[in-house]
Amino acid sequence: QRVWANMLDKLFPELCGLDGVSHVRLVDQFGTVVQSTKKWPETVEEQRTEWADCCLLAEQLNLGSLFEVWIEGRRLSLIDQFDSDLFVYLSGRDGKKGVWRYELERLRQEWNFNRT
């Protein structure tokens, strides 16, 4: 548990520092907010509903397991199943999908390396 907390303490500021990211929220597999920036445009319940709706749609279309959802509009939002017990939510008006995707994969590799 202590190792997980130390890893979260490293992960959260790195996500907050990504180019174009205004909001970061880390949520465990039970929907409990682990860490979050303030003033999110939507509640954690709304985000969980978005994720559930997308999972249902993926299932109905026989797309297989869902690990990530991108939402584009006035801002860019990402919901990513970062690990089996951790979801990452990112949002920002000037978000860059390629940068966020690359950095999430790099951070996931570090996370998985440190868990072993």
Side-chain angles (χ1 to χ4, degrees):
Q1 188 70 2
R2 182 174 169 86
V3 171
W4 200 70
N6 289 339
M7 290 166 43
L8 284 174
D9 288 342
K10 182 180 183 315
L11 177 65
F12 187 73
E14 289 207 34
L15 292 170
C16 290
L18 291 178
D19 188 29
V21 169
S22 301
H23 308 286
V24 176
R25 184 175 280 153
L26 303 178
V27 178
D28 70 14
Q29 75 272 25
F30 303 112
T32 302
V33 175
V34 178
Q35 288 183 311
S36 182
T37 55
K38 295 184 179 0
K39 298 185 180 178
W40 260 89
E42 59 270 332
T43 66
V44 71
E45 290 80 16
E46 290 170 323
Q47 290 173 330
R48 288 174 47 205
T49 299
E50 285 177 332
W51 178 258
D53 289 345
C54 291
C55 286
L56 180 60
L57 183 60
E59 182 181 314
Q60 290 171 343
L61 296 173
N62 294 317
L63 298 176
S65 298
L66 187 65
F67 296 101
E68 169 178 293
V69 172
W70 292 89
I71 303 165
E72 296 185 55
R74 295 180 63 195
R75 63 189 164 81
L76 180 63
S77 296
L78 166 67
I79 306 170
D80 183 274
Q81 187 172 356
F82 190 76
D83 194 10
S84 61
D85 53 2
L86 183 67
F87 288 83
V88 169
Y89 294 82
L90 302 177
S91 179
R93 287 188 183 253
D94 299 318
K96 295 174 176 57
K97 286 167 70 172
V99 172
W100 290 8
R101 174 89 252 105
Y102 174 83
E103 289 299 324
L104 268 175
E105 285 308 314
R106 182 186 64 78
L107 291 167
R108 188 182 338 268
Q109 288 175 5
E110 286 180 23
W111 179 273
N112 288 333
F113 178 78
N114 290 324
R115 285 190 82 161
T116 58

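Nothing here was measured: the structure is a model prediction, and the numbers come from that model. All values below were derived from every heavy atom in this structure, side-chain atoms included, with hydrogens, water molecules and symmetry-related copies excluded.
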Do L15 and V21 have side chains that approach each other closer than 4.5 Å (heavy atoms only, starting at C-beta)?
no
So the salt bridge (Lys or Arg N to Asp or Glu O under 4.0 Å) pairs with at least one residue in residues 24-38 (sequence neighbours excluded) are none
Quick one: does F82's side chain get under 4.5 Å of L11's, heavy atoms only?
yes
Transitive ILVMFWY side-chain link Y102 to L104, under 4.5 Å:
no
Any residue meeting ring pair (Phe, Tyr, Trp, His ring centres under 6.0 Å) with W40, in chain and number order, not counting sequence neighbours:
H23
More than 12 heavy atoms of other groups within 6.0 Å of E59 CD
no
Considering all heavy atoms, the nearest S91-S77 contact:
OG-OG, 3.5 Å
Partner set under side chain to side chain contact (heavy atoms under 4.5 Å, CB included) for E72, not counting sequence neighbours:
L76, K97
Using the rule that Ile, Leu, Val, Met, Phe, Trp and Tyr join whenever any side-chain heavy atoms are under 4.5 Å apart, tell me whether F87 and M7 fall into a single cluster.
no
Atom of L78, atom of W70 and distance for their closest heavy-atom approach
CD1-CE2, 3.6 Å
Quick check on the hydrophobic clustering: are I79 and V27 connected, directly or via other members, by side-chain heavy-atom contacts under 4.5 Å?
yes
Quick one: side-chain hydrogen bond (donor to acceptor under 3.5 Å, both in side chains) partners of E50, sequence neighbours excluded?
none
Give the minimum heavy-atom separation between L66 and C55, together with the two atoms involved.
CD2-N, 3.5 Å
Across all chains, not counting sequence neighbours, the side chain to side chain contact (heavy atoms under 4.5 Å, CB included) partners of Q35 are L8, D9, F12, L26
Between P41 and R75, the two heavy atoms sitting closest are CB-NH2, 3.4 Å
State which residues pass side chain to side chain contact (heavy atoms under 4.5 Å, CB included) with R48; sequence neighbours excluded, sorted by chain then number.
V44, Y89
Side-chain heavy atoms of D80 within contact of R101, under 4.5 Å:
yes
